[in-house]
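Everything quoted here is computed from the prediction, not taken from an experiment.
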Amino acid sequence: MRDSEADKARSLVERARRLVVLTGAGVSADSGVPTFRGEGGLWKRHRPEELATPGAFDRDPRLVWEWYAWRRERVLACEPNPAHHALADWCRRRPETCLVTQNVDGLHARAAEAVGAVDGRLVELHGSLFRVRCTACAYRAAHTDPVDATALDRLPRCPDCGALLRPAVVWFGEPLDGGALAEAFASASGADVCLVVGTSAVVHPAASIPLATLASGGIVVEVNPDATALTPRSEVSLRGRAALLLPGILRRTR
Ligand code: BJW
Ligand code: ZN
């Protein structure tokens with residue numbers, strides 16, 4: 001990557017009046033959390049339609065919980081990396097920034113806690129590995145206890161109605177939380193710069209968030225080791241790892 005491109009990205013972000021950031025699995029790759037697609041992606045071993053759909057959970061809730069229990073354990077063994085820390089520090093200094101993540105790993109929130117930042121402008125579009133909701137009633141809760149997915153009758157149950165609990169994540173074909181989606185799109189439309197980090201930008205509606213910034217006259221700055229469908233529409237597209245590039249782009253200059 002040429003230095004001038006990195007300098008241009010840094011200057012565009014620094015001078016943004018309003019910044020919206022969209023992150024995907026790539027921002028957590030350097031923490032050791034596998035991405036979904038591409039080399040070493042989660043989907044390589046598990047087809048999404050087998051595990052990340054409401055139909056899959058109806059057919060085999062034990063198998064789906066086993067996958068999520070494994071992912072929880074993996075994420076709990078990981079730490080936020082310099083990209084999460086750089087974003088958390090930026091958001092503490094510029095609290096008007098809206099940080100929208102597709103990730104369910106909670107690493108942005110953990111990085112925000114580490115710098116004492118309020119995470120009110122953190123939008124977790126696809127939910128969280130560490131929350132559950134009832135498959136039958138409105139019960140929702142934080143849930144970090146280990147899940148025993150060795151047998152159907154050991155899976156977590158709703159304390160209110162006894163039905164199965166499920167991970168509070170958004171599966172294919174499910175609607176995203178209306179409030180989270182509205183906040184993400186309002187922020188993107190009101191932003192002059194959308195910084196897009198570590199996402200293949202293929203899953204909608206999240207992939208349309210940078211398009212909302214473009215539609216209202218703003219620009220996109222992308223950070224990704226590979227080109228994506230968004231690359232031709234980006235003012236600057238930096239090829240490289242988020243943990244190496246973001247600390248430089250978001251560094252404190254005032
Ligand atoms: C690095 C790096 C490093 C590597 N540094 N970078 C419009 C068009 C076509 C289809 C649709 C459409 N609108 C809706 C759809 C259908 C569907 C969809 O988008 N399908 C597409 C795949 C075609 N969308 C939905 O179903 C959504 N729901 C919906 O639209 O509902 C409508 C509705 C309304 C009313 C009633 C009912 C329904 C829901 C989508 C939910 C997505 N869920 C998942 C799973 C979440 C739970 C879990 O984690 O288990 O979310 S799928 C998975 O993909 C996960 C991710 O958040 C999401 C995005 O993936 P991401 O983050 O981009 O990861 P990767 O792996 O794809 O990319 C990683 C990138 O990082 C790569 O580019 C690397 O190069 C890069 N990288 N190392 C920086 N070190
Ligand atoms: Zn219930």
Side-chain angles (χ1 to χ4, degrees), residues 22-81 83-84 87 99-114 119 122-135 139-158 164-174 176-177 180 197-203 206-207 241-243:
L22 173 66
T23 68
V27 80
S28 296
D30 286 315
S31 294
V33 182
T35 59
F36 289 89
R37 300 167 187 85
E39 282 306 308
L42 274 181
W43 299 144
K44 288 283 183 191
R45 273 161 286 145
H46 305 281
R47 290 174 41 209
E49 59 275 22
E50 277 170 359
L51 296 172
T53 70
F57 191 80
D58 288 345
R59 276 191 302 279
D60 194 345
R62 194 208 61 76
L63 176 68
V64 174
W65 258 121
E66 185 177 57
W67 187 51
Y68 280 94
W70 170 76
R71 287 176 59 198
R72 270 190 185 185
E73 275 179 36
R74 239 193 120 130
V75 165
L76 285 174
C78 294
E79 295 295 331
N81 68 51
H84 298 108
L87 281 165
L99 173 52
V100 181
T101 188
Q102 298 167 83
N103 299 345
V104 297
D105 57 30
L107 290 177
H108 283 304
R110 280 166 60 188
E113 277 165 29
D119 64 357
L122 171 61
V123 178
E124 293 180 318
L125 265 190
H126 292 162
S128 168
L129 285 178
F130 302 102
R131 289 198 293 272
V132 289
R133 64 185 176 92
C134 180
T135 51
Y139 178 82
R140 290 177 164 266
H143 191 283
T144 49
D145 299 340
V147 171
D148 180 352
T150 54
L152 186 59
D153 61 7
R154 290 174 182 259
L155 296 180
R157 297 248 158 208
C158 176
L164 275 179
L165 293 175
R166 54 161 280 182
V169 298
V170 183
W171 286 326
F172 284 113
E174 291 188 315
L176 281 67
D177 175 79
V197 186
T199 177
S200 56
V202 294
V203 174
R241 285 156 52 190

Participant: Sub-3.5 Å donor-acceptor pair from the side chain of Thr135 to the main-chain atoms of Leu164, do we have one?
Facilitator: yes

Participant: Indicate the atoms forming the closest heavy-atom contact of Pro61 with Leu152, along with that distance.
Facilitator: CG-CD1, 3.6 Å

Participant: Is the backbone of Thr23 close enough, under 3.5 Å, to the side chain of Thr199 for a donor and an acceptor to pair up by distance?
Facilitator: no

Participant: Answer yes or no: is there a donor N or O on one side and an acceptor on the other, between the side chain of Arg71 and the main chain of Val33, under 3.5 Å?
Facilitator: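 Here the side-chain-to-backbone pair does not exist.
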
Participant: State, without any angle test, whether His84 and Ser28 hold a side-chain donor-acceptor pair at a distance under 3.5 Å.
Facilitator: yes

Participant: Nearest 0.5 Å, please: how far is CZ in Arg110 from CG in Leu76?
Facilitator: 6.5 Å

Participant: Answer yes or no: is there a side-chain heavy-atom contact under 4.5 Å between Leu125 and Val170?
Facilitator: no

Participant: Please report the closest heavy-atom contact between Leu51 and Tyr68, naming both atoms and the distance.
Facilitator: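 Shortest heavy-atom separation between Leu51 and Tyr68 comes out as O-CE1, 4.3 Å.
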
Participant: Is it true that a side-chain atom of Arg62 and a backbone atom of Ala149 form a donor plus acceptor pair closer than 3.5 Å?
Facilitator: yes

Participant: Looking at CD of Glu73 and CG of Leu129, how far apart are the two atoms once the value is rounded to the nearest 0.5 Å?
Facilitator: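 Taking CD in Glu73 and CG in Leu129, the distance rounds to 12.0 Å.
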
Participant: Taking the side chain as everything from C-beta on, heavy atoms only, tell me whether Pro34 gets closer than 4.5 Å to Arg74.
Facilitator: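 The answer is yes, as the side chains (C-beta and beyond) meet within the 4.5 Å cut-off.
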
Participant: Using side chain to side chain contact (heavy atoms under 4.5 Å, CB included), reason through Leu176 and His126 one step at a time and then give a plain yes or no.
Facilitator: CA-CA 7 Å; Leu176 281 67; His126 292 162; 3.9 Å; yes

Participant: What heavy-atom pair brings Pro156 and His143 nearest, and what distance separates the two atoms?
Facilitator: CB-NE2, 4.2 Å

Participant: I need the Trp65 CH2 to Leu165 CG distance, nearest 0.5 Å.
Facilitator: 7.0 Å

Participant: If you compare all heavy atoms of Arg37 against all heavy atoms of Val203, which two are closest, and at what distance to 0.1 Å?
Facilitator: NH2-CG2, 3.2 Å

Participant: Judged by atom type as modelled, is there a donor-acceptor pair below 3.5 Å linking the side chain of Trp171 to the main-chain atoms of Gly55?
Facilitator: no

Participant: Using 0.5 Å steps for rounding, measure from the CG atom of Leu22 to the CG atom of Leu99.
Facilitator: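 So the gap between those two atoms works out to 9.0 Å.
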
Participant: When rounded to the nearest 0.5 angstrom, what is the spacing between CD in Glu66 and CG in Asp60?
Facilitator: 9.0 Å

Participant: Give me the one residue out of His108, Arg241, Gln102 that meets side chain to side chain contact (heavy atoms under 4.5 Å, CB included) with Val27.
Facilitator: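 It is His108, the one option of His108, Arg241, Gln102 that forms the side chain to side chain contact (heavy atoms under 4.5 Å, CB included) with Val27.
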
Participant: Tell me the closest heavy-atom pair linking Ser31 and Pro80, and the distance in Å.
Facilitator: OG-C, 3.8 Å

Participant: Take a 6.0 Å sphere around CD of Glu174 and say whether it holds more than 12 heavy atoms from other residues, nucleotides or ligands.
Facilitator: yes

Participant: Out of curiosity, Leu107 CG to Leu87 CG, how far, rounded to the nearest 0.5 Å?
Facilitator: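 Interatomic distance, Leu107 CG to Leu87 CG, rounded to 0.5 Å: 12.0 Å.
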
Participant: Is a side-chain N or O of Asn103 found less than 3.5 angstrom from the main chain of Asp105, in a donor-acceptor match?
Facilitator: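 Not a single qualifying donor-acceptor pair exists.
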
Participant: Provide the closest heavy-atom pair for Ala243 versus Asn81 in the form atom of the first, atom of the second, distance.
Facilitator: CB-OD1, 3.8 Å

